Amino acid sequence: MSAPVPVLAVLGNPISHSLSPVMHEAAFAATGRPGRYIAFAVPPDRLPVALAGMAALGFVGCNITVGLKEAACALATHRSAAAAATGSANTLRFGADGEIYADTTDGRGLLASLRHEAGWRPEGQSVLLLGAGGAARGIAQAFAAAGAEVAVHNRTAARAERLAADLGLGIRAVPPDALPHLLPRVSLLVNSTTVGMGGEGLALAVPLVRRLPSSALVCDIVYSPEETALLRAARDLGLPTLGGLGMLAWQAALAWEVWFATPGPAGVMLAAARQELRRRQEAAEGSAAAREKDPA
Ligand code: ATR
């Protein structure tokens, strides 16, 4: 009898937007590594039973996406330093005796994307992070641990202060009145808020990028649309930019390290994610055009 095919999954609430199955299946096909990768919608109150079931069925591990990252981290029996510091997990591995190992590859994924796609290194850099949610926590922790000076600005100032106090590592919360002084010294601006997903712009985007030095890199973790309003504003001013698709691919590639002790093929994952995103955009545009032609 041949060995069972390793099975992995992504759990989210919601899940239909996820590009993870496409990326991981493309990576299995390209590397020849046997594996199957499935998406499941799991409401938060069903997460404990879902994880126990996957462990019992012999799943290798899973990814965790929106709405479940904190709960997954809390349910794990072992946490990496990054997962413990951020209280958030995007990658789980199941042990033979019911253990659940939790890690978060989001922050390291963005670092890897910046390194590979923009030649950017964190040591000694001044980073301004917009947002103080789960995504911002992972990024702030990874960047500060890698030697960057990290400042966090958030619409709700108290949340940025809590992030800085929880994570330590020299991370500072920046109130709005301190931004004009800080911006001319920033070498990397990262939008880690959810703003930009529907094509809308961050109210602060243009005033912020106008004050950055001309060499500053502007990065958005939002990947749909590929060029957000923030990135467009930066590009119009001649600043270098980086979209969020690379981070998505690299966090997936680094999840392979957790499951298989070797990184996945990030380039293959990036190409698969980009192709699928464009296919979905074209399909959405096609059905909008059809509705316009035939409203009935
Ligand atoms: P995630 O886990 O994906 O980071 P989250 O925890 O809901 O999601 O955090 C969303 C982030 O986007 C927060 O920093 C949020 O700011 P608040 O803490 O003030 O809510 C930020 N955000 C969402 N909508 C925003 C808007 N219209 N303008 C500015 N920031 C916004």
Side-chain angles (χ1 to χ4, degrees), residues 10-20 42-44 47 63-75 82-92 102-111 113 127-144 150-167 171-179 183 189-209 218-225 228-234 243-245 247-248 250-252:
V10 58
L11 315 187
N13 180 49
I15 194 62
S16 58
H17 69 285
S18 177
L19 293 166
S20 292
V42 179
L47 186 62
N63 285 126
I64 301 289
T65 183
V66 280
L68 301 174
K69 289 183 181 182
E70 283 80 17
C73 191
L75 287 166
T86 57
S88 171
N90 78 335
T91 306
L92 303 181
D103 199 353
T104 175
T105 64
D106 286 335
R108 297 203 306 279
L110 180 56
L111 274 177
S113 171
V127 178
L128 174 61
L129 200 53
L130 305 179
R137 277 183 177 254
I139 294 166
Q141 193 275 340
F143 279 56
V150 179
V152 179
H153 174 73
N154 193 45
R155 177 178 61 179
T156 311
R159 219 171 158 198
E161 282 158 22
R162 204 160 51 241
L163 180 158
D166 288 350
L167 294 181
I171 297 166
R172 289 181 304 129
V174 184
D177 58 353
L179 281 175
L183 284 163
L189 174 74
V190 180
N191 174 42
S192 66
T193 75
T194 45
V195 180
M197 278 184 189
E200 81 279 39
L202 196 64
L204 273 175
V206 174
L208 277 183
V209 292
V218 178
C219 176
D220 206 321
I221 71 164
V222 171
Y223 56 79
S224 179
T228 59
L230 173 69
L231 296 185
R232 197 164 51 251
L245 216 48
M247 173 182 170
L248 182 77
W250 275 100
Q251 64 73 33

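Order of listing sets the numbers, starting from 1, for every ligand and every atom in it. The structure displayed is predicted, hence computed values, not measured ones. The first residue of the sequence shown is numbered 1, and numbering continues consecutively from there.
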Salt bridge (charged side-chain N to carboxylate O under 4.0 Å, His left out) against Asp220, all qualifying residues, sequence neighbours excluded: none

Ignoring hydrogens and angles, write down the donor-acceptor pairs under 3.5 Å from the side chains of residues 156-166, residues two or more places apart or on other chains.
{"from": "Asp166", "atom 1": "OD2", "to": "Arg137", "atom 2": "NH1", "distance (Å)": "3.2"}
{"from": "Asp166", "atom 1": "OD2", "to": "Arg137", "atom 2": "NH2", "distance (Å)": "2.9"}

Atoms of ligand 1 close to Ala135 [distance to a heavy atom under 4.0 angstrom, numbered from 1]: 1 (P), 2 (O), 4 (O)

Heteroatom distance test (Ala136, ligand 1): nitrogen or oxygen, under 3.5 angstrom: no

Option set Leu130, Thr194, Ile139, criterion heavy-atom distance to atom 8 (O) of ligand 1, minimum: Thr194

Per-residue contact class, Val195 against ligand 1 - non-hydrogen pairs under 4.0 Å: side chain

Check: Asn90/Asp106 side-chain N/O donor and acceptor closer than 3.5 Å: yes

Nearest-option assignment for atom 17 (P) of ligand 1, heavy atoms, candidates Leu129, Thr156, Asp106, Val66: Thr156

Proximal candidate to atom 15 (C) of ligand 1 [heavy atom criterion; set Val152, Val222, Ile221, Asn154]: Asn154

Atoms in ligand 1 with a heavy atom of Gly131 nearer than 4.0 Å: 14 (O)

Interatomic distance, Leu110 atom CG to Leu129 atom CG [nearest 0.5 angstrom]: 9.0 Å

For ligand 1, the portion of Thr193 having any non-hydrogen atom under 4.0 Å away: both

Val42 and Leu68: CA distance, side-chain angles, deciding distance, side chain to side chain contact (heavy atoms under 4.5 Å, CB included) verdict: CA-CA 9 Å; Val42 179; Leu68 301 174; 4.2 Å; yes

Geometric N/O contact Ser192 with ligand 1, under 3.5 angstrom: no

side-chain contact (heavy atoms from CB on, under 4.5 Å), paired with Asn191, selected from Leu128, Leu230, Thr228: Leu230

Between Thr91 and Asp103, a side-chain donor and acceptor under 3.5 Å: no

Residue selection (non-hydrogen contact nearest atom 6 (O) of ligand 1) among Arg162, Arg159, Lys69: Arg159

